[in-house]
Amino acid sequence: MTLDTRWAVAWLTRSADAIEEHAPMLSELDRAIGDGDHGENLNRGFAAVRAALSDLPEDAQPSDVLRVAAMRLISSVGGAAGPLYGTAFLRASDAVSGRGELGPSDVVALIDAALRGIEERGHASAGDKTMVDAWYAAAADAAAAAAEGGDPRAVLAAAARGAARGAESTDGLVARKGRASYLGERAVGHRDPGAESTAIILQAAESA
Ligand code: ADP
Ligand code: MG
């Protein structure tokens with residue numbers, strides 16, 4: 001199946017379903033090293049995204065779908081994650097503007113743009129125990145898969161695996177950004193909730 005507008009809509013719909021399903025777990029992670037609202041925050045945002053998808057024009061392109069998602073996430077998710085995910089989807093939209101169907105390099109560009117948007121918006125880098133860790137590993141694995149000649153689906157699958165690995169890597173880290181940074185060593189042994197939600201969203205992209 002090609003990565004076209006239908007795929008982009010399916011990605012966001014599956015993300016909304018998966019975030020809804022895993023919201024209690026995400027809030028549980030946030031309760032350990034934050035304020036316990038990450039699942040609820042994202043679920044509200046993706047429910048708004050899901051509702052907006054039915055209003056898309058007939059000739060919408062993948063970039064239009066991503067832009068609508070960005071706007072809804074920015075306006076409906078409270079806390080740190082709203083502007084961060086909103087910026088990610090806005091940059092991702094710009095990265096694939098004008099493309100009706102995404103090729104391997106478009107998938108790499110999309111994920112790379114999202115990563116850079118989050119890094120800039122949050123002033124965070126890989127290793128700070130944030131969602132950046134998941135996006136960073138996703139971008140690295142996607143680029144490697146594309147360099148090996150993988151098709152767009154293979155690049156997306158690599159990104160999803162990378163995001164899962166990046167999320168796992170946050171377990172052993174001390175946080176340098178976000179609420180968890182107030183905990184110092186006490187954050188070690190806990191997964192960053194935003195990194196975990198990123199893994200869920202990129203898994204949805206692969207299975208869409
Ligand atoms: P809040 O921290 O305002 O309650 P959420 O709980 O929805 O917001 O989101 C928390 C997540 O946001 C963290 O797990 C982390 O991944 C991400 N995050 C927080 N601050 C930053 C930052 N400065 N840069 C990148 N990601 C961040
Ligand atoms: Mg929180």
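The structure displayed is predicted, hence computed values, not measured ones. If you read the sequence from its start, that first residue is 1, and numbering goes on from there. Counting convention: from 1, in listed order, for ligands and their atoms alike.
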Taking only heavy atoms of [X], which atoms of ligand 1 are found under 4.0 Å from at least one of them?
{"X": "Asp37", "value": "4 (O), 5 (P), 6 (O)"}
{"X": "Gly122", "value": "22 (C), 23 (N), 24 (N)"}
{"X": "Ala124", "value": "24 (N), 25 (C)"}
{"X": "Asn41", "value": "5 (P), 7 (O)"}
{"X": "Asp30", "value": "6 (O)"}
{"X": "Asp35", "value": "4 (O)"}

Which residue and non-hydrogen atom of the protein lie closest to [atom], and at what distance in Å?
{"atom": "atom 20 (N) of ligand 1", "answer": "Gly178 CA, 3.5 Å"}
{"atom": "atom 3 (O) of ligand 1", "answer": "Ala80 N, 2.8 Å"}
{"atom": "atom 12 (O) of ligand 1", "answer": "Met131 CE, 4.0 Å"}
{"atom": "atom 21 (C) of ligand 1", "answer": "Leu84 CD1, 3.8 Å"}
{"atom": "atom 16 (O) of ligand 1", "answer": "Asp192 OD2, 2.6 Å"}
{"atom": "atom 2 (O) of ligand 1", "answer": "Arg179 NE, 3.3 Å"}

May I ask you to decide whether [X] forms a salt bridge with [Y], counting only side-chain N to carboxylate O separations under 4.0 Å?
{"X": "Arg50", "Y": "Asp17", "value": "yes"}
{"X": "Lys129", "Y": "Asp133", "value": "no"}
{"X": "Glu28", "Y": "Arg31", "value": "yes"}
{"X": "Arg161", "Y": "Asp141", "value": "no"}

Any chance CZ of Arg121 has more than 12 other-residue heavy atoms, nucleotides or ligands included, within less than 6.0 Å?
->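 Counting other residues, nucleotides and ligands, CZ of Arg121 stays at 12 neighbours or fewer.
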
Does any N or O atom in Gly194 lie less than 3.5 angstrom from one in ligand 1, N or O only?
->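 So ligand 1 has an N or O lying under 3.5 Å from an N or O of Gly194.
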
With sequence neighbours left out, write down each residue that passes ring-ring contact (aromatic ring centres under 6.0 Å, His included) with Phe89, or none if nothing qualifies.
->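 Here the qualifying residues are Trp11.
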
Relative to atom 9 (O) of ligand 1, which among His38, Arg191, His123, Lys177 owns the nearest non-hydrogen atom?
->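 The residue whose heavy atom sits nearest atom 9 (O) of ligand 1 is His38.
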
side-chain contact (heavy atoms from CB on, under 4.5 Å) with Pro193: which of Ile33, Asp37, Thr130?
->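 Checked Ile33, Asp37, Thr130 against Pro193; only one passes side-chain contact (heavy atoms from CB on, under 4.5 Å): Ile33.
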
Closest approach to the Mg ion (ligand 2) by Asp30, given as the N, O or S atom name =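 Distance check against the Mg ion (ligand 2) picks out OD2 in Asp30.
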
Answer yes if the side chains of Ser125 and Tyr136 hold a donor-acceptor pair under 3.5 Å, and no otherwise.
->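 On atom types as modelled, these side chains do not qualify, holding no pair under 3.5 Å.
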
To the nearest 10 degrees, could you say what angle the Mg ion (ligand 2) makes with OD1 of Asp35 and OD1 of Asp37?
->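 Here the angle at the metal atom is close to 80°, to 10°.
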
Has the side chain of [X] got a donor or acceptor atom that lies under 3.5 Å from a matching backbone atom of [Y]?
{"X": "Tyr85", "Y": "Gly194", "value": "yes"}
{"X": "Asp55", "Y": "Ala52", "value": "no"}
{"X": "Thr170", "Y": "Asp192", "value": "yes"}

Heavy-atom contact under 4.0 Å between Gly34 and ligand 1?
->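 Contact absent.
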
